[in-house]
J.: 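Shown below is the structure under consideration.
Letters go in sequence order (proteins before strands), and every chain restarts at 1.
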Amino acid sequence: MQVKAPRGTYDVLPPDSKKWQFIEQIIEETAHLFGYNEIRTPVFEHTELFERGVGETTDIVTKEMYTFQDKSNRSLTLRPEGTASCVRALVEHSVYGGVMPVKWYYSGPMFRYDRPQTGRYRQFHQFGVEAFGSHSPYLDAEIIMLLVQILHNLGLIDYELHLNSVGCPVCRETYRQILITHINPVKEKLCPDCQSRYEKNPLRVLDCKIEDCKQAITDFPFIFDHLCDNCKQHYNLVKSTLEAGGIHYLHDNNLVRGLDYYTNTAFEIHIPSIGAQSAVGGGGRYNGLVKACGGPDIPGIGFALGMERLLLALDGVPEYKEPYSSLDVFLAVLDDKYDVQAMQVLERLRTAKIMADRDYTGRSMKAQMKYADKLGARIVVLMGEDEVNRGFFTIRDMQSREQLEVKSEQIISAIKDILA
RNA sequence: GUGGGUGUAGCUCAGCUGGUUAGAGCACCAGAUUGUGGCUCUGGGGGCCGUGGGUUCGAGUCCCAUCAUCCACCCCA
């Protein structure tokens, strides 16, 4: 019985790995433009970090974590998301003691035990950014502008930006009370999930997708209408800044983030065309998180992008061309007695930053030409009896089909002329 | 965790109501005279028909289980 990749995981093989490199490069370049620098954290952490940092009532923590004991009986967990680790690192290294705000990005695999489907894997990849140490609504705006610019730089324009504010602990608590008094009379009509949400986190009832629940709550007040003056002003400044930047958003009263730590601004990017898992990115402000993780009372804000979902979305973009790899030079070696010299020639080419390759399977001359063609070689350099004995190379331009002979010493410059 | 669809060569699939050595296209490899590619032609290698049981004289084809995958719920990025 052959071993296969575990459920919900997959391999990225060469033509596709190019796509990954392509989008990773664009995303990182864009983050740099906004002044964000990379942080790399461990792929596993103490389980406790996620319990506190993500929230003990969330689905992620209660049923989706890859938790295991190591040989010293520590409880460790493969990271299900990236924010908690960033917060931990911020506190552990007292980074907040330096220049603020701290602006980081990260990228890498995350792990959630969930049932796989399109756009959802057990090992998936997120790119995320975090900014710590500023309450400014303009930083909220910057984060969203970065997210939007990444999408634009990738060529994605058919997205929806949903925006809401979930308030601060003070106004959220008042709203929570109001919400409970509204839910209580209709509690029996709600789905079982919502009935338990009602106990733990009544806000989540608002984004239930079940039709009966939607019906039951249609006349409920929105948190937006109960924000305190500070939160209201904060949200308005975020919105007006986005408007000034020409960024279109949809105010979404039902947008309530699933993770417990969010405060104020919350946002999501949806690309409906990629299927049911249409949330390509999402994030928001989390002013209480750093303190909850044992650090000082520092605000934070960030977002994460789902790489697999971005890839799905890019498949639907007509201008998006698959980057393909090609080759500058294929060296056709016509007799195996020149193998050693051939390796020296390759070394010279590669040292001169010319992408070069040859055959290693004993192909005939003709087969080597075919092979060179398949590799997308721009030039074939022939190395046979005549060439070696008389000290030159035959160079064939595969596009024009023209051939010329150049002296061995001039091979590099001759090739560079054709490539240029 | 729940419901439904699918599982035949590397890839996309065909295989009628169960019947002899399981097929095609693409891909791969080799030839079409002596050191030359993209087209064409010829030939070739490749399949425990997802896995394990069962029914039957006989199963890729029927039944059950299991695994994987896809679609949706759920959740989230």
J.: Cationic tip of K103(A) within the cone over Y36(A)'s six-membered ring, i.e. under 6.0 Å and within 45° of the normal?
T.: yes
J.: Considering only the C1' atoms, how many Å lie between rU2(B) and rC63(B), rounded to the nearest integer?
T.: 25 Å
J.: When the C1' atoms of rG47(B) and rC13(B) are compared, how many Å lie between them, rounded to an integer?
T.: 14 Å
J.: Which part of the nucleic acid does G119(A) contact within heavy-atom distance under 4.0 Å: base, sugar-phosphate only, or nothing?
T.: base
J.: Would you mind classifying the nucleic acid contact of G302(A) as base, sugar-phosphate or nothing, using non-hydrogen atoms under 4.0 angstrom?
T.: nothing
J.: Hey, does the side-chain of R363(A) have a donor or acceptor N/O within less than 3.5 Å of a partner on the base of rC29(B)?
T.: no
J.: Decide yes or no, distance alone: a donor-acceptor N/O pair under 3.5 angstrom between the base of rG35(B) and the side-chain of E387(A).
T.: yes
J.: On the nucleotide rA72(B), are OP1 or OP2 found under 4.0 Å from the side-chain N or O atoms that Q117(A) carries?
T.: yes
J.: What do the steps show when you test L163(A) against L250(A) for side-chain contact (heavy atoms from CB on, under 4.5 Å), and what is the final call?
T.: CA-CA 6 Å; L163(A) 197 63; L250(A) 300 157; over 6 Å; no
J.: Remember a base hit wins even if backbone is also touched, and classify I269(A) as base, sugar-phosphate or nothing at under 4.0 Å, heavy atoms.
T.: nothing
J.: Pick the C1' atom in rU55(B) and in rG18(B), then give their distance to the nearest Å.
T.: 12 Å
J.: Considering every strand and a 4.0 Å limit on heavy-atom distances, what is the contact class for E268(A): base, sugar-phosphate, or nothing?
T.: nothing
J.: When the P atoms of rG4(B) and rU12(B) are considered, how many whole Å apart are they?
T.: 26 Å
J.: Would you classify L305(A) as touching base, sugar-phosphate or nothing, given that sugar-phosphate means primed atoms plus P, OP1 and OP2, and contacts are heavy atoms under 4.0 Å?
T.: nothing
J.: Using a 4.0 Å heavy-atom cut-off, does A372(A) contact any base of the nucleic acid, only the sugar-phosphate backbone, or nothing at all?
T.: nothing
J.: Please report the distance, rounded to the nearest Å, between CZ in R401(A) and C1' in rC39(B).
T.: 11 Å
J.: Specify whether F132(A) and W104(A) have parallel, tilted or perpendicular ring planes, treating 30° as the upper limit for parallel and 60° as the lower limit for perpendicular.
T.: perpendicular
J.: What class does the angle between the rings of Y10(A) and Y121(A) fall in, given that below 30° is parallel, 30 to 60° is tilted and above 60° is perpendicular?
T.: tilted
J.: Base, sugar-phosphate, or nothing: which does D335(A) touch, judged by heavy atoms less than 4.0 Å apart?
T.: nothing
J.: Can you measure D373(A) atom CG to rC28(B) atom P for me and round it to whole angstrom units?
T.: 11 Å
J.: Kindly say if R115(A) contacts the phosphate of rG3(B), meaning a side-chain N or O under 4.0 Å from OP1 or OP2.
T.: no
J.: Just by distance, with hydrogens left out, do Q21(A) and Q25(A) show a side-chain donor and acceptor under 3.5 Å apart?
T.: no
J.: Heavy atoms under 4.0 Å, any strand shown: does F127(A) hit a base, just sugar-phosphate, or nothing?
T.: nothing
J.: List the steps, then state whether side-chain contact (heavy atoms from CB on, under 4.5 Å) holds for F111(A) with R122(A).
T.: CA-CA 5 Å; F111(A) 306 85; R122(A) 289 182 174 181; over 6 Å; no
J.: If we require ring centres under 5.5 Å and near-parallel planes under 30°, does Y371(A) stack on rG37(B)?
T.: no
J.: Sort by first number and list every stem of RNA chain B: at least 3 consecutive Watson-Crick or G-U wobble pairs, both distances under 3.5 Å.
T.: B:1-7 with B:67-73, B:10-13 with B:23-26, B:28-32 with B:40-44, B:50-54 with B:62-66
J.: Does any N or O donor sit under 3.5 Å from an N or O acceptor when you compare the side chain of Q368(A) with the base of rU36(B)?
T.: no
J.: Establish, with yes or no, whether the OP1 or OP2 oxygen of rC29(B) is under 4.0 angstrom from a side-chain nitrogen or oxygen of K374(A).
T.: yes
J.: Considering only the C1' atoms, how many Å lie between rG58(B) and rG19(B), rounded to the nearest integer?
T.: 7 Å
